[in-house]
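Worksheet: one structure, shown below.
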There are 2 protein chains.
Amino acid sequence: MTNRQPTLSEVAKLAGVSVGTVSRVINNAPHVSRKARDVVERAIEEFGYVPNVAARSLASQRSGAVVLAISSDDPALFANLFFAQVISGVNAVIEESDLELMLVLAASERGRSRLSKILQSRAAAGVMLLALRENDPLTKIAEGSGVPVVHGGRSLDVDPPWYVDADNRGGARQAVEYLISAGRTRFATITGPQDMHAGVARYLGYREAMALAGLSDQRVVHSDFTEDGGRAAMAHLLAEHPDLDAVMVASDIMAAGALVLLKERGIDVPEQVAVVSASTTSSPPSTPSPRSPPSASRSRRSAAR
Amino acid sequence: MTNRQPTLSEVAKLAGVSVGTVSRVINNAPHVSRKARDVVERAIEEFGYVPNVAARSLASQRSGAVVLAISSDDPALFANLFFAQVISGVNAVIEESDLELMLVLAASERGRSRLSKILQSRAAAGVMLLALRENDPLTKIAEGSGVPVVHGGRSLDVDPPWYVDADNRGGARQAVEYLISAGRTRFATITGPQDMHAGVARYLGYREAMALAGLSDQRVVHSDFTEDGGRAAMAHLLAEHPDLDAVMVASDIMAAGALVLLKERGIDVPEQVAVVSASTTSSPPSTPSPRSPPSASRSRRSAAR
DNA sequence: GTGAAAGCGCTAACAC
DNA sequence: GTGTTAGCGCTTTCAC
């Protein structure tokens, strides 16, 4: 279909200018005459010139790819909305530049050594760490590489200088405040695991909202981001505090369990009890590690149906 | 932390051999003496040599990255288990070689032109197409690039020579056969959209199983892979065929709707009606396009609780 | 404002 | 089995 791509110097020849000029145009450097620029641009267009990235990054010594390192190779774990959103966001920025996105699944020893090779081969302009577990080896690898590091989501044990994460605390707080403004007063909460960042942060947001409204934050059951956990927690709450009129659940999946139980008990939602939850993207503790994976989440409000 | 990485020729000097020898060792080419190989390997180890990928792919003219092109920038759409599984699988293979995985979100015009640039810049060893919509421009771009193409999941309008996809038909059939072996006889099905590959294939599998067992395949409602759709479809089925004792639902999410309705009607699952569904990872029709996104799915059996 | 030329770090062909 | 060397296609000085 297409002929062999022309090289930069071929373009130069065809356009009747020097390689220097073509290069300047491509990198839109200053000191190029309007005329030369036009000629070159036309030639590029006409012959379908596409720069060779390898040559470019070899010559320029800087390069080229932002690495997305995922400390998990469990599809169920990294197939989640939060990561997808982060990736989508990163991609949007990447598109502006001519960087590219490199994906490295670095859960195994082998994957990790691959990652550190890649980071060291000066092929990476920066690295984003995703799905870190507590005490994750990737943290060290990334730091040791000398490449700029940013975390996607936080875990409890690191407080990264650069990160992107959902506002779990603020989101939880807003969700609750919505119910407060709707007139609810006897709140309870079902929290996520308190050794996960999202679990802690959402609980914090809940307590903040309670404190600000002068309401009691004493009705609380800690749970585990699973549906069964949510269901059990709801049963517990109902037993202890039969008079409650609102529940903030720290994740949708737990809320699903809670809603099932409420329905079974014949309690009308949202008439008798209003429910809000966070659309978590966290998973329950991962198999290999006794610790939980990091939380990565996003809050929303919903007067549950 | 680390000093500047040594280059290959520096390693050669330090090891007291020629660059050719070092290069041979690295690419474990033949004709290297045991002794030389040892010396070089030790030097590589000691000085922490990591090949410069840019230089390598420039010199060798072949390079280096497998492109994962996703025709969607909607996080909700590509955050799904099927893609994650595919990616995980691809990654496992990639790890063996020293290729790398490049991620390109190519839903917008801009993203697409970026993709075609990348494919043309001889930086790609192959490309995998994901989340294609019907009549997707990526198909042409990929084909026109001259790079080997493989599809992840199929859409209805292309029959790619190379693809990876779930066995939707076979999975559906197996799921139903399981219920047949459990003694069910009066089957119904709630299908997915019949303009999506997964919708069609699962329905086909269902009909196959019915045919082989000599059962009627006449109880069918077409639906849309949404929960509400599943619920409505279930209501419809119940009205038309109050005597049915098994339902195959083409996706989990529709099954959720169906189960809710069954519960409301006081119908015991699985006592009175058994339900199986496919753990689809498809989404309902995407916003920008009037057509549905491709299906990407995986079947499983479950006697629904 | 433009051109010429010296590399970037590696591979591959060729000579020994 | 090993060493030498000419590029790969670009960027980047340095002259002009």
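Lettering follows sequence order; numbering is per chain, from 1.
- In this model, the phosphate group of C:dT11 is approached by a side-chain N or O of B:Ser23 to a distance below 4.0 Å at OP1 or OP2.
- In this structure, B:Gln61 reaches the D:dG9 phosphate: one of its side-chain N or O atoms is under 4.0 Å from OP1 or OP2.
- For C:dG9, the OP1/OP2 oxygens have no side-chain nitrogen or oxygen of B:Thr7 closer than 4.0 Å.
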Starting from the C-alpha separation in whole Å, work towards a yes-or-no answer on side-chain contact (heavy atoms from CB on, under 4.5 Å) for B:Arg169 and B:Asp167. CA-CA 6 Å; B:Arg169 193 173 52 68; B:Asp167 181 11; 4.3 Å; yes
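- Atom CG of A:Asn52 and atom C1' of C:dC8 are 13 Å apart (whole Å).
- Judged by closest nucleotide on DNA chain C, B:Ala54 is the one of B:Ala54 and B:Gly20 placed further toward the 5' end.
- Checking D:dT2, C:dT2, C:dC10 against every side-chain atom of B:Arg24, the shortest atom distance belongs to D:dT2.
- In summary, B:Arg110 and B:Asp73 do not engage in a salt bridge, as defined by a charged side-chain N under 4.0 Å from a carboxylate O.
- Interatomic distance, CG of A:Leu132 versus OG1 of A:Thr139, reported as 5.0 Å (0.5 Å rounding).
- In this structure, CD of A:Gln5 is placed 11 Å from P of D:dG9, rounded to the nearest angstrom.
- Among the nucleotides C:dT2, D:dG1, D:dT5, the one closest to the side chain of A:His31 is C:dT2.
- The only option from B:Lys35, B:Arg42, B:Arg34 that meets the salt bridge (charged side-chain N to carboxylate O under 4.0 Å, His left out) definition with B:Asp38 turns out to be B:Arg34.
- Atom pair A:Leu8:CG and D:dC8:P shows a separation of 14 Å (rounding to whole Å applied).
- Ranking C:dT2, C:dA12, D:dC8 by closeness to the B:Arg62 side chain, first place goes to C:dA12.
- Residue whose closest nucleotide on DNA chain D sits further toward the 5' end, between A:Ser9 and B:Ser33: B:Ser33.
- Checking D:dT2, D:dC10, C:dT11 against the side-chain heavy atoms of B:Ala36 singles out D:dT2 as nearest.
- We find that CG of B:Leu14 is positioned 15 Å from P of C:dG9, with the value rounded to whole Å.
- At the heavy-atom level, B:Pro30 lies nowhere under 4.0 Å from the strands shown.
- A salt bridge links B:Glu109 with B:Arg112: the closest approach of a Lys/Arg side-chain nitrogen to an acidic carboxylate oxygen falls below 4.0 angstrom.
- Rounded to whole angstrom, the span from the CD atom of A:Glu10 across to the P atom of D:dG9 amounts to 8 Å.
- A donor-acceptor pair shorter than 3.5 Å can be found between the side chains of A:Asp157 and A:Ser155.
- Two residues, B:Ser60 and B:Lys35, neighbour DNA chain D, and the one matched to the more 5' nucleotide by heavy-atom proximity is B:Lys35.
- Here C:dG1 presents its C1' atom at 16 Å from CG of A:Asn28, a figure rounded to the nearest Å.
- In this structure, CG of B:Leu58 is placed 6 Å from C1' of D:dG9, rounded to the nearest angstrom.
- Considering only side-chain N and O atoms, B:Thr21 lies nowhere under 4.0 angstrom from the phosphate OP1 or OP2 of D:dG1.
- When the side-chain nitrogen and oxygen atoms of B:Asn27 are compared with OP1 and OP2 of C:dT11, one or more of them lie within a distance under 4.0 Å.
- Within 4.0 Å (heavy atoms only), B:Val19 reaches at least one base atom of the nucleic acid.
- Per the geometry, CZ belonging to B:Arg56 stands 18 Å off P belonging to D:dG9, to the nearest Å.
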